[in-house]
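This report refers to the structure that appears directly beneath it.
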There are 2 protein chains.
Amino acid sequence: MLWINDCFRWDHREVQYNDDRCPRSSLTVELTPKTEYALLALMALIDGSAQGKAMKVNQITAQHGAIPERYLEQILLVLRRGGIIKSIRGARGGYLLAREPQSISLLEVVSLLNGSQNAPGETTSVSPEQSAIHQVWEQIHQTTRTTLDQTTLQDLWDRSDRHRSSSPMYYI
Amino acid sequence: MLWINDCFRWDHREVQYNDDRCPRSSLTVELTPKTEYALLALMALIDGSAQGKAMKVNQITAQHGAIPERYLEQILLVLRRGGIIKSIRGARGGYLLAREPQSISLLEVVSLLNGSQNAPGETTSVSPEQSAIHQVWEQIHQTTRTTLDQTTLQDLWDRSDRHRSSSPMYYI
DNA sequence: ATTAATCCACAGCATCTTAGTCGGAATTAG
DNA sequence: CTAATTCCGACTAAGATGCTGTGGATTAAT
């Protein structure tokens, strides 16, 4: 006797990964550890950079308890390649901001770290319903993009400074 | 002489899964396939529900080419448990909206599907710098939340309808 | 020249999330 | 009863993320 299941079993010999699923627009910014580490590091670089002093990785991590050094190295590498910071190699080396903190937007940082999102995306004949959904999400993306674009590293520092003055060093 | 590095070296003898890494506020809404399927299904239910007619899963997937039936079943299950739709079991069964399309916000849908996010989160002594970062992201979350809360299923349908009338059925 | 400090690079690994599947149980119509 | 359909829990596969390990390459101090 032949069971239905026997007929179907073969359908799965290769997983049929939904042909037309595109890599959805992935610029819904999440605050991942990676992003947070990067921003903390950049803020840490502000002081030294103003004085032309390079900072070492372990000096950066020393300020904030829980950043894994090796991981931060990788992140800094990406930031350097993206032209946000520059590095000095060899003994007594370290990192410096490549530009003024006012000219570094959060959007630039997160875009860099999240890789090349927004691939040109072949619009595979979306239905009106899909289109409506995408519109809403596109709107959301747009506003977050704007917010991140208008917020600079300097802004971030100003905010943290305001905090610092209001409640003095309750962290190690 | 004792170097600072020597004091720290032991930290790595066992993988130190960054104790205080909390499940970041995960309500940065991404348009995942799951969410899209859910919204498409809900829109498909609008017509039938108005007439009190339940729709079967395969009727829903028939409208939109690429939704895996079995997967959609699961999603509908969640929507039902969340009180957004109701179901009729057995032969001639199917699904209906549990409420008016105007009273179903997108925020409710995505919150439901993304599980219980925003766990109470013990705020583990953040530094001022971290706090500044979190503020920015919190602001972003707030605006997206507002947008999603103000957009209802009915709005979505209106949009898609507008599209449909302007360019008649170019999809199968 | 040697050595030490520091960045650079890539490969690998553990965990988590997501998308999707399977098999079958419960329910209802005819 | 039988067929249709929802309900349910477990399972798998692939990818992303957050690291770690190892070994360079480059420069400064001696």
Side-chain angles (χ1 to χ4, degrees), chain A residues 3-21 23-24 26 30-38 54-61 66-81 85-96 113-115 117, chain B residues 1 3-6 11-24 26 30-38 54-61 66-81 85-96 113-115 117:
Chain A
W3 293 95
I4 295 185
N5 285 338
D6 294 325
C7 305
F8 283 177
R9 190 164 294 153
W10 282 99
D11 282 354
H12 308 294
R13 68 197 179 288
E14 61 184 48
V15 196
Q16 28 159 299
Y17 274 114
N18 218 344
D19 17 274
D20 60 359
R21 73 148 171 213
R24 323 271 153 167
S26 62
E30 244 183 292
L31 182 53
T32 60
K34 175 148 71 169
T35 306
E36 188 166 342
Y37 294 160
M55 284 189 78
K56 294 177 284 187
V57 175
N58 64 51
Q59 288 179 318
I60 299 175
T61 57
I67 305 181
E69 267 189 41
R70 306 295 315 275
Y71 192 33
L72 185 56
E73 274 188 26
Q74 292 184 177
I75 296 171
L76 292 173
L77 202 55
V78 176
L79 294 178
R80 184 183 61 88
R81 290 185 181 138
I85 61 178
K86 48 189 178 180
S87 65
I88 300 176
R89 299 188 66 170
R92 304 283 170 101
Y95 293 94
L96 293 152
L113 293 178
N114 294 347
Q117 65 260 42
Chain B
M1 189 173 194
W3 292 95
I4 295 183
N5 283 339
D6 291 327
D11 283 355
H12 305 295
R13 67 199 180 287
E14 66 182 45
V15 195
Q16 30 154 285
Y17 272 115
N18 217 343
D19 19 274
D20 60 358
R21 73 152 171 209
C22 55
R24 323 269 152 167
S26 62
E30 243 183 292
L31 181 54
T32 60
K34 175 148 71 170
T35 307
E36 188 166 341
Y37 296 159
M55 284 188 78
K56 292 177 285 187
V57 173
N58 63 51
Q59 287 179 319
I60 300 175
T61 57
I67 305 182
E69 264 189 45
R70 303 298 305 267
Y71 192 32
L72 185 57
E73 272 186 28
Q74 290 186 181
I75 296 171
L76 292 173
L77 203 55
V78 176
L79 293 178
R80 184 185 60 87
R81 289 183 181 142
I85 62 178
K86 49 189 179 181
S87 66
I88 300 175
R89 299 189 64 169
R92 303 281 172 105
Y95 294 94
L96 293 152
L113 294 178
N114 294 348
Q117 63 260 43

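Chain letters run A, B, ... following the sequence lines, proteins first, then strands; residues in each count from 1.
Applying the 4.0 Å criterion to OP1 and OP2 of C/dC8, one finds that A/S87 has a side-chain N or O inside that range. Distances shorter than 4.0 Å separate some side-chain N or O of A/R92 from OP1 or OP2 on D/dA29. Contact check, A/R89 against D/dA25: no side-chain N or O comes under 4.0 Å of OP1 or OP2. In this structure, A/R81 reaches the C/dA9 phosphate: one of its side-chain N or O atoms is under 4.0 Å from OP1 or OP2.
Between B/I67 and B/T61, the shortest heavy-atom contact is O-CG2, 3.5 Å. Nearest heavy-atom pair across A/K34 and A/L113 is NZ-O, 3.7 Å. B/A66 approaches B/P68 most closely through the heavy-atom pair O-CD, 3.4 Å. Here the closest heavy-atom approach between residue A/E73 and residue A/V57 is recorded as CG-CG2, 4.0 Å.
In this structure, A/Q74 and A/R80 both approach DNA chain C, and ranking their closest nucleotides by distance from the 5' end singles out A/R80.
At whole-Å resolution of the value, CD in B/E73 and P in D/dC11 are 19 Å apart. Per the geometry, NZ belonging to A/K56 stands 16 Å off C1' belonging to D/dT26, to the nearest Å. Residue B/Q59 contributes atom CD, which lies 14 Å from atom P of D/dA4 at whole-angstrom precision. At whole-Å resolution of the value, CG in B/L76 and C1' in C/dG20 are 15 Å apart. Atoms OH (B/Y71) and C1' (C/dG20) sit 7 Å apart, rounded to a whole Å. When rounded to the nearest whole Å, the span between OH of A/Y95 and C1' of C/dC7 equals 5 Å. Whole-Å rounding puts the B/I85 CD1 to D/dT6 C1' distance at 11 Å. A straight line from CZ of B/R70 to C1' of D/dA4 spans 14 Å, rounded to a whole angstrom.
A distance of 5.0 Å separates CG in A/L76 from OH in A/Y95, rounded to the nearest 0.5 Å.
When distances are taken from the side chain of A/L77 to each of C/dC8, D/dC19, D/dT5, the shortest belongs to C/dC8.
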